[in-house]
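A short worksheet on the structure shown next.
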Amino acid sequence: MFLRNCWYVAGWTNDFLAGAPVARTILGEPIVVYRSECGDIAALEDRCCHRLAPLSKGRVEGADLRCMYHGLKFDASGQCIEIPGQGVVPPRARVRAYPSVEQDCWVWLWMGDPALADRALIPSALNHGDPDWYMQTGRLAYEASYELVNDNLLDLSHLSYVHENTLGRNSMSWGESRPTIAPIERGLRISRWVCNQPGPAYLDLPPGTRVDMWASYDYVVAGVFLLATQSFPVGTAAACGMAAPNGEPLFRTTTSQAVTPINERQTIYYYSGCLPKSLVSEEASRQQLVVFERAFAEDNAMIEAQQRVIHRTPHPVMLGTSSDHALNQFRQLMAHLIEAERPKLSAAE
Amino acid sequence: MFLRNCWYVAGWTNDFLAGAPVARTILGEPIVVYRSECGDIAALEDRCCHRLAPLSKGRVEGADLRCMYHGLKFDASGQCIEIPGQGVVPPRARVRAYPSVEQDCWVWLWMGDPALADRALIPSALNHGDPDWYMQTGRLAYEASYELVNDNLLDLSHLSYVHENTLGRNSMSWGESRPTIAPIERGLRISRWVCNQPGPAYLDLPPGTRVDMWASYDYVVAGVFLLATQSFPVGTAAACGMAAPNGEPLFRTTTSQAVTPINERQTIYYYSGCLPKSLVSEEASRQQLVVFERAFAEDNAMIEAQQRVIHRTPHPVMLGTSSDHALNQFRQLMAHLIEAERPKLSAAE
Amino acid sequence: MFLRNCWYVAGWTNDFLAGAPVARTILGEPIVVYRSECGDIAALEDRCCHRLAPLSKGRVEGADLRCMYHGLKFDASGQCIEIPGQGVVPPRARVRAYPSVEQDCWVWLWMGDPALADRALIPSALNHGDPDWYMQTGRLAYEASYELVNDNLLDLSHLSYVHENTLGRNSMSWGESRPTIAPIERGLRISRWVCNQPGPAYLDLPPGTRVDMWASYDYVVAGVFLLATQSFPVGTAAACGMAAPNGEPLFRTTTSQAVTPINERQTIYYYSGCLPKSLVSEEASRQQLVVFERAFAEDNAMIEAQQRVIHRTPHPVMLGTSSDHALNQFRQLMAHLIEAERPKLSAAE
């Protein structure tokens, strides 16, 4: 079950070149995303209403898209505007169009009722396109439900185990501490101090540097992860009484990540890593991405293995632990929103 | 749903070497086709009645076929004639045999009631084995229903789009004109003029030659396509009032094609290209095949993509256009014949 | 349907290195087999009770196994003994443990009620680990039901067909003779003379040597094959009235084989070939394994093909022959044992 009235990331803006339609599947629906000759993004049902050929094999003509099986042409609203060899185009000759927005280097699609598509509901990515920050980007395909990817990002205790040699830095802090969790609009804010840990290798700090790191992220439906870290001298966490810090940190990092369901069993995951130009070289930024790629491959292997176990288990039951609080709250929020939109959908039908 | 009382092409005659059994699946049924040591073709159920091993892994012995799991031997009628280590062979030890005919370089199998197998129902391929014509042959496997392949061949308006750079020759004639359609015995005759188009590149015509081409084909159940083209000087179509031509054309080409269902989702497609030796070189004939291979790969990509879209669409609905007339008539003919043979099958059971 | 109260071979003892957990699937159940730092074998459900991640991606710590997703630690009985960041471990935090035994170079797991696990039910492999014999070992994965592999081993008439150029040695003896079949505890004893056949090539016998071979094997549930052959001068069989021989043979060979169901459609097959050091060189022993590998690949190709035919046949029916007696008796024995354990299982639930 998916939340339909929601914006989903369909790709990085530069995935979509003018005149080159791209096939995407989101929430199980086939979608063609194309950039018109003028540079505008449009998204249509990837299924011609005539013989059901995919429009992603079609040809962009101006702002329109022509099916290259028998030549029907559609405008960006999904209306068919030409049937070769036939004078009259019936109004019902149309395909579904999806509201689309380019924001923060991502193309976002609204998968629910177009009348409810509100740009204000798009979460703001951190430092994407910020001229004072380096941004590195990546993507990863999962043979797993988006819920398992969300679960993973909502319980960072796994850093001490899955990522013991990468992000976890051989520290039990992640595994043994518990974050504070607070509700925010359509999401959760999850924060914690990770104390007395080595600074990131790619920052070229003096050998032996250790820090107290305040790691706080917002997790917004249906799967947007917005994390900022602030590192302070060791002792700062205790001096703050383990509450949020006030002063200026030694350094900051941000990462924004979006989890988009392809279908019930497949997911695509887009992520950035951002570092301030004032502090690091571009090479350090690239090194951060290398660490991310290695770590996310560790997640990928674990989550896909978990998915396979779940898939083969007739009646899977999970035993709760104290590290599950955030993911349980998020699953409840999702279930509530999905439930809430059901009457709307049936009224619209 | 398949039409059972019908001849289907199982391959080119030279696919079947004496002593080398070949596994085929037609209408979802496993079949072993073998050529006896004397050169006769036989076709049996590819499933030994003992432990259900495939007879296609067996050994041809004279006119018979021995299962190489435990040694049962079958004659060409499907009767078991030897069980090693057992004196008596029960009459019910037998497998199904399929009537088979070699005609026009193709091996044809009758998939229905053997008592109804009538050689006169085999369509005549055009110029196959004709000593005055070159013949080139090919085959192509489809991950798609045979109905979609039939649809494609019954609506040549796709030439202007799918084949814009190959068979369509950048002309909108195919896409924008509509053919005449007439019923024939177990099929349709579909004819049209394609006016003022360049002659085929492989014919080595004077540069800039343009022709009016009369393209007429018979489409016979369950999927045999027999096309002859006749090319005339530009203006001939108009002079004929767009009706069929009478005189001798500048040149002719023929192609015969057979669509054989492997099962509900897979199809195999056999095709020839024939050109008169009086007009072209053997090299031109080979060039024609190259064009065919390229064009049929375009069809394959489009139809397999269409099949995938249909497969993932819960309730697929197709919007009719004026280019669908032939394929709709053919689908009705097929449905009628399939419906008509149902009582016969149940009476036979 | 599987027999649960039974020992199954999970691998060769040297498949399991200390500290390196191994994933296995037996009777459709995911199992992690690991050797503790002290060298003891343990087998647990390969599914953490927390988020269902596979424990085979975990870390051995002493005699315990830690899940490397969120760090839960389990002892060899399956009890969770640590949840990081949580003081109390609830008793229900546990996974299933499987009784395991190392015997005759194989690791055996008991798949049924642990209270019924009786080491005395483990069949004794022939000459495994015997210092006076060479032992070569192999394994083969099947995309086929274990029942088809059992059938194959219970009807050696196939040697004359499947293995005509390897084990069958171009002799019809296997195909045309019928063995005597006698019940034993949880199995069958199947014996026959194979007369006047060439001795094995790897034995380096004088050219033209022919022998009468007494081949007798026990076949024990759920699929353990224990074969000893004794070769005598030609004429011995007749002199014994085709009954079991008494005297000392010219030479002996043994092979022990275990068929373990992975699931309904996949099987793993472990086999040895043993020859007495007094008679052959180590090189001859290796040559025997080469013959086995070639022959078992022939079985594999035939049985997987048979499985595919069965899978695509809506209502598969097999016609009995006189070579099926042993496999029919064994299938009845298995059905009886499976039926007999049903009430026990439901009482235990």
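Below, read A as the first sequence line, B as the second, and so on, with proteins coming before strands; counting in each chain starts at 1. As the structure is a prediction and not an experimental result, all values here were calculated from the model. Quick note: numbers below take in every heavy atom, side chains included, and nothing from hydrogens, waters or symmetry partners.
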Legend entry - Under 4.5 Å from a heavy atom of chain C, the part of A:Ser177 involved: neither
Legend entry - Proximal component of A:Leu156, with respect to chain C [non-hydrogen, under 4.5 Å]: neither
Inset, instruction - Over all heavy atoms of both residues, which pair between A:Ser322 and C:Gly85 is shortest? Give the atoms and the distance, please. - result: OG-O, 3.6 Å
Legend entry - C:Ile83, part contacting chain A, at a heavy-atom distance under 4.5 Å: side chain
Inset, instruction - Might you confirm whether atom CG of C:Asn14 has over 12 heavy atoms from other residues, nucleotides or ligands at distances under 6.0 Å? - result: yes
Inset, instruction - For atom CZ of A:Arg294, decide whether the heavy atoms of other residues, nucleotides or ligands shown that lie under 6.0 angstrom number more than 12. - result: no
Inset, instruction - Would you kindly say whether A:Asp324 and C:His70 are connected by a side-chain donor-acceptor distance under 3.5 Å? - result: no
Inset, instruction - Identify which of C:Arg66, C:His50, C:Arg92 forms the greatest number of heavy-atom pairs closer than 4.5 Å to chain A. - result: C:His50
Inset, instruction - Return the minimal non-hydrogen interatomic distance between C:Tyr69 and A:Ile303, and the atom names on each side. - result: OH-CG1, 3.8 Å
Inset, instruction - Would you name the heavy atoms of C:Leu52 and A:Met318 that are closest together and state the gap between them? - result: CG-CG, 4.0 Å
Inset, instruction - Please flag which part of C:Asn263 lies under 4.5 Å from any non-hydrogen atom of chain A: side chain, backbone, both or neither. - result: neither
Legend entry - Residue, of C:Pro90, C:Ala53, C:Pro30, that accumulates the most heavy atom pairs under 4.5 Å with chain A: C:Pro30
Legend entry - Proximal component of A:Leu159, with respect to chain C [non-hydrogen, under 4.5 Å]: neither
Legend entry - Heavy-atom pairs under 4.5 Å with chain C, option from A:Arg178, A:Glu176, A:His163, A:Met302 with the top count: A:Met302
Inset, instruction - First locate atom CD of C:Glu29, then atom OG1 of A:Thr313, and finally report the distance between them rounded to the nearest 0.5 Å. - result: 10.5 Å
Legend entry - Option that, when pairs with chain C are counted at under 4.5 Å, heavy atom only, ranks first among A:Gln306, A:Gln307, A:Arg308: A:Gln306
Inset, instruction - Report the option among C:Gly28, C:Ala93, C:Cys48, C:Cys49 that has the most heavy-atom pairs separated by less than 4.5 Å from atoms of chain A. - result: C:Cys49
Legend entry - NZ/NE/NH1/NH2 to OD/OE distance under 4.0 Å, C:Arg59 and A:Glu164: yes
Inset, instruction - Scan side-chain atoms only and decide if A:Thr321 and C:Arg51 contain a donor-acceptor pair under the 3.5 Å cut-off. - result: no
Inset, instruction - Return the minimal non-hydrogen interatomic distance between A:Tyr161 and C:Pro84, and the atom names on each side. - result: OH-CG, 3.1 Å
Legend entry - Between CG on residue A:Leu319 and SG on residue C:Cys80, distance to nearest 0.5 Å: 8.0 Å
